[in-house]
Structures are given as C-alpha cells and as structure tokens.
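Data first, discussion second: the structure below is written as structure tokens.
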There are 2 protein chains.
Amino acid sequence: MAVRQDLADLGEMSPKVKARIEVSIVIGSGARIGPDKAALLESVRDAGSISGAARNMGMQYKRAWMLLDSMNRDFRQPVVKSIIGGAYAGAVLTGFGKDVLDRYRRIVAAAETAAAGDLVALGRAALRDADPKV
Amino acid sequence: MAVRQDLADLGEMSPKVKARIEVSIVIGSGARIGPDKAALLESVRDAGSISGAARNMGMQYKRAWMLLDSMNRDFRQPVVKSIIGGAYAGAVLTGFGKDVLDRYRRIVAAAETAAAGDLVALGRAALRDADPKV
C-alpha cells in the first residue's frame with residue numbers, strides 16, 4: 001500500500017513542471033516587492049484591514065504591520081493607508097498600491113509564460129540521474 | 001555648485017527606467033538560483049577556478065565555495081566540479097551547471113522584455129509626487 005502510494009505520487013508528479021520562478025520588482029533606491037509582499041497587499045485589499053489580512057495569511061499582526069510600514073517608507077508614495085487610524089483600524093490599498101500589485105501580477109504572469117519552456121526543461125534536467133527513491 | 005550637481009543628477013536619472021526585476025529559479029524541493037549564484041557560476045566559467053571566480057567578484061573564497069557547495073547539494077546533479085581536487089584546484093561548470101546558467105540568463109532576458117512596459121510605468125508612478133529634494 002505504501003509502495004502503491006509512492007508510485008501514485010510519482011505518477012502525479014512526473015508530468016508537472018518541477019521548476020518555477022520567483023520575481024521581485026526593485027524600484028528606485030532598492031525598495032522591493034516580491035511574492036510575500038504582493039500576497040500581503042492582496043490580503044489587505046480583500047480583508048479591508050491589516051489585522052484581517054494578517055489573520056487570513058496566518059501571519060502575526062506585527063509582522064504584517066512592519067512589512068506594510070516598510071513598503072510605505074521605501075517607496076515614494078504609500079501603498080496602504082489607514083481609513084480610520086489606530087492599530088486595528090481598517091486599511092485599504094492606495095491607488096499606487098493597487099497599481100504596484102496589478103503590475104506585479106502582470107509581470108509575473110508574463111515572465112512565467114516567457115519562461116515556461118525553459119522551466120520544464122530545467123525541471124527534467126534536475127531530475128535526470130536522480131536517486132530513484134526520490 | 002551643489003545645487004547644479006543635484007539638478008544634473010536629476011536630469012541624468014529621469015529618463016532612465018527606475019524599476020527592474022530580479023528573478024530566481026526554484027527547482028524541485030526548494031533549490032534556487034538567483035542573480036548572485038548566476039553571477040558566481042559565470043565567474044567560475046570565466047576564471048576556471050573557485051579562487052579566481054571569488055577574486056574577480058570581490059567575494060571571499062569561503063563564501064564562494066559555500067554557495068557552490070550548497071548548489072551542488074541542493075540540486076540532484078552538481079553544477080560545478082573540481083578538475084584537480086583540493087581547495088585551490090581548477091573548477092569548471094558541469095553540463096548541468098552550464099544548462100542552468102544558460103536557461104537562467106534566457107529566462108531573465110525574456111522576463112525583462114515581457115515586463116519592460118510595466119517597469120517603466122512603475123518607475124514613473126513611484127516618482128510621482130516625490131519629494132523634489134529626492
């Protein structure tokens with residue numbers, strides 16, 4: 001049964017792409033948006049508050065707050081603004097924050113499309129001669 | 001003179017793209033190649049040794065060795081091999097290492113091309129309403 005499960009896993013995994021890309025945007029003097037910050041911006045947009053965004057991501061409130069605060073400081077415009085004030089107030093993306101998020105998602109999608117063939121080949125190459133138990 | 005210098009800097013910077021992307025390839029269980037490791041692979045290829053590669057990059061030998069060793073362990077095939085043995089021996093990229101490097105460069109180029117329009121717009125958006133002293 002254990003062996004059958006292993007084979008099933010292999011069968012399910014082998015046609016999948018085994019390599020992927022991660023993209024970060026670096027703006028100006030080094031401010032950057034990568035997968036984690038993009039996911040947090042999305043979570044704020046959907047939750048309407050920093051505390052809700054953190055909760056939905058399983059992230060500590062303090063960490064979410066610090067990431068958003070660092071983005072607001074790093075860029076020359078804020079990406080998130082409080083709509084009432086205070087720690088647990090509502091929060092929304094600014095126009096610039098929405099713009100950054102939309103463009104980040106579009107850049108990632110375009111990069112993934114452009115990279116697809118090489119990623120499949122790299123995944124295969126990384127597996128060649130692999131330990132058959134893996 | 002100081003003011004003139006500031007204006008000259010602004011004039012030189014404003015037509016440039018102010019945003020760029022950084023791409024990492026993540027293979028299999030989490031092994032990754034980003035800009036630094038790709039530059040190191042290139043440096044080994046050009047220098048023919050780890051010590052030469054590190055020297056050319058202004059990187060400590062120990063750090064270069066550790067990055068290459070971690071790549072050799074992370075992936076299921078080595079990316080670099082010693083051609084004599086011992087710490088200061090010659091080193092060359094394996095076929096897999098060359099393949100990873102070539103594909104990394106191609107993926108980055110394709111991603112940059114795909115992202116170009118959004119990066120220009122993001123650079124402009126990040127500058128809008130900026131402090132005129134910045």
Side-chain angles (χ1 to χ4, degrees), chain A residues 13 16-35 71-72 74-79 94-134, chain B residues 13-14 16-35 71 74-79 94-134:
Chain A
M13 286 169 72
K16 282 185 189 168
V17 175
K18 305 292 292 178
R20 61 189 173 84
I21 54 172
E22 282 187 5
V23 179
S24 292
I25 300 174
V26 187
I27 301 185
S29 58
R32 61 171 58 221
I33 301 274
M71 277 189 271
N72 276 358
D74 280 348
F75 294 102
R76 294 178 185 181
Q77 299 182 60
V79 294
T94 62
F96 177 61
K98 284 178 196 161
D99 191 49
V100 167
L101 181 58
D102 287 349
R103 290 184 192 278
Y104 178 80
R105 289 298 177 209
R106 196 155 62 213
I107 285 170
V108 169
E112 283 173 343
T113 300
D118 279 315
L119 290 174
V120 170
L122 264 181
R124 286 202 190 111
L127 287 169
R128 203 188 305 143
D129 300 331
D131 181 334
K133 290 195 305 264
V134 177
Chain B
M13 288 170 71
S14 54
K16 283 186 190 169
V17 174
K18 305 292 292 177
R20 61 187 173 85
I21 53 172
E22 282 188 4
V23 179
S24 292
I25 300 174
V26 186
I27 301 185
S29 58
R32 62 171 57 221
I33 301 273
M71 277 190 270
D74 281 349
F75 294 102
R76 295 179 185 181
Q77 300 181 58
V79 294
T94 63
F96 177 61
K98 285 178 196 162
D99 191 50
V100 167
L101 181 58
D102 287 349
R103 290 183 193 278
Y104 178 80
R105 289 298 175 211
R106 195 154 62 214
I107 285 169
V108 169
E112 282 173 345
T113 301
D118 279 315
L119 289 174
V120 171
L122 264 180
R124 287 203 190 108
L127 287 169
R128 202 189 305 144
D129 299 330
D131 180 334
K133 288 195 306 261
V134 176

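Values in this document were obtained by computation on a predicted structure and should not be read as measured data.
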Problem set entry | Name of the residue among A/Val108, A/Ile107, A/Val26 meeting side-chain contact (heavy atoms from CB on, under 4.5 Å) with B/Ile21 | A/Ile107

For this session: Tell me, please, which residues at least two apart from B/Arg103 pass side chain to side chain donor-acceptor pair (under 3.5 Å).
Result: A/Asp118, B/Asp99

For this session: Under the ring-ring contact (aromatic ring centres under 6.0 Å, His included) rule, collect the residues that match up with B/Phe75, sequence neighbours excluded.
Result: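 Checked B/Phe75 against ring-ring contact (aromatic ring centres under 6.0 Å, His included); matches are B/Phe96.
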
Exercise. Rounded to the nearest 0.5 Å, how far does CG of A/Leu122 lie from CD1 of B/Ile25?
Worked result: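 Separation between the atoms: 5.0 Å.
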
For this session: Answer whether the closest heavy-atom distance between the side chains of B/Glu22 and A/Glu22 falls below 4.5 Å.
Result: no

